[in-house]
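Beneath this line is the structure, given in structure tokens, with notes to follow.
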Amino acid sequence: VQLQASGGGLVQAGGSLRLSCTASGRTYNRYTMGWFRQAPGKEREFVAAISWSEGSTHYADSVKDRFTISRDNAKNTVYLQMNSLNPEDTAVYYCAADPRNGRYYISILVPRGGMDYWGEGTLVTVSS
């Protein structure tokens, strides 16, 4: 599966952005999807994930209640709605996909970066 992220840009603190990740390839709707980010000088970190079966979601504590991950299987697209952005959210955001599924997978393995397919990132810059 090939992944293309978009929607990044410059936003002021307190603002919102919605990232999109469009997948190509077969059986997209049977992939768990995840978002990760990497800030300058820092390691890549987990942001959010959504399973393909029951639609279970999991979030990093740093974005919980501010970010929402969702998917539209008809459009082969996963979204990351980001609200109440702050400068600490500045990073390159990457989407990823994996055919594994289940609550244990998205809450334990995905945050460790355990996904097989990765797309190019999209830059989000939050100004203070």
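Keep in mind that what you see is a predicted model, and the values were worked out from it rather than measured.
Sorted by first then second residue, the disulfide (SG to SG under 2.5 Å) pairs that include residues 97-128, not counting sequence neighbours, number zero. Sorted by first and then second residue, the disulfide (SG to SG under 2.5 Å) pairs involving residues 54-89 (not counting sequence neighbours) form an empty list. Among pairs with a residue in residues 115-127, none fulfils salt bridge (charged side-chain N to carboxylate O under 4.0 Å, His left out), at least two apart in sequence or across chains. Residue pairs meeting the side chain to side chain donor-acceptor pair (under 3.5 Å) criterion with at least one member in residues 2-14, sequence neighbours excluded, are Gln2-Ser24. Residue pairs meeting the salt bridge (charged side-chain N to carboxylate O under 4.0 Å, His left out) criterion with at least one member in residues 76-100, sequence neighbours excluded: Arg37-Asp89, Arg66-Asp89, Asp98-Arg100. Here disulfide (SG to SG under 2.5 Å) pairs that include residues 51-112, with residues two or more places apart or in two chains, are Cys21-Cys95.
Ala5 and Thr122 make their closest contact through CB-CG2, 4.1 Å (heavy atoms, listed as atom of the first residue, atom of the second, distance). Asn101 and Thr32 make their closest contact through OD1-OG1, 3.3 Å (heavy atoms, listed as atom of the first residue, atom of the second, distance). When all heavy atoms of Ala13 and Ser128 are compared, the pair lying nearest together is CB-CA, 4.3 Å. Taking all atoms of both residues into account, the shortest heavy-atom contact from Thr90 to Val126 is OG1-N, 2.9 Å. Taking all atoms of both residues into account, the shortest heavy-atom contact from Leu10 to Ser127 is CD1-CB, 4.3 Å.
Applying the side chain to side chain contact (heavy atoms under 4.5 Å, CB included) criterion to Ala97, with sequence neighbours excluded, gives Val1, Leu3, Tyr31, Met33, Tyr117. Checked against side chain to side chain donor-acceptor pair (under 3.5 Å), Gln81 has the following partners two or more places apart in sequence or in another chain: Asn83. Judged as a side chain to side chain donor-acceptor pair (under 3.5 Å), and not counting sequence neighbours, Asp65 has no contacts. In terms of the side chain to side chain donor-acceptor pair (under 3.5 Å) criterion, residue partners of Ser56 (sequence neighbours excluded) are, by chain and number, Glu54.
How far CD of Glu43 is from CD of Gln38: 8.0 Å, rounded to the nearest 0.5 Å.
The hydrophobic clustering, which links ILVMFWY residues whose side-chain heavy atoms are closer than 4.5 Å, places Val124 and Tyr79 apart. With hydrophobic clusters built from ILVMFWY side chains whose heavy atoms lie under 4.5 angstrom apart, Tyr59 shares a cluster with Ile50.
Alongside Tyr94, the hydrophobic cluster contains Phe36, Phe46, Val92, Tyr104, Tyr105, Ile106, Ile108, Leu109, Val110, Met115, Trp118, Leu123 (criterion: ILVMFWY side chains under 4.5 Å).
With hydrogens and angles ignored, the 3.5 Å screen pairs no side-chain donor or acceptor of Thr77 with any backbone N or O of Thr22. The main-chain N or O of Ser51 is found under 3.5 Å from a side-chain atom of Arg71 such that the two form a donor-acceptor pair. Put simply, the side chain of Arg103 gets close to the backbone of Thr57: a donor and an acceptor are under 3.5 Å apart.
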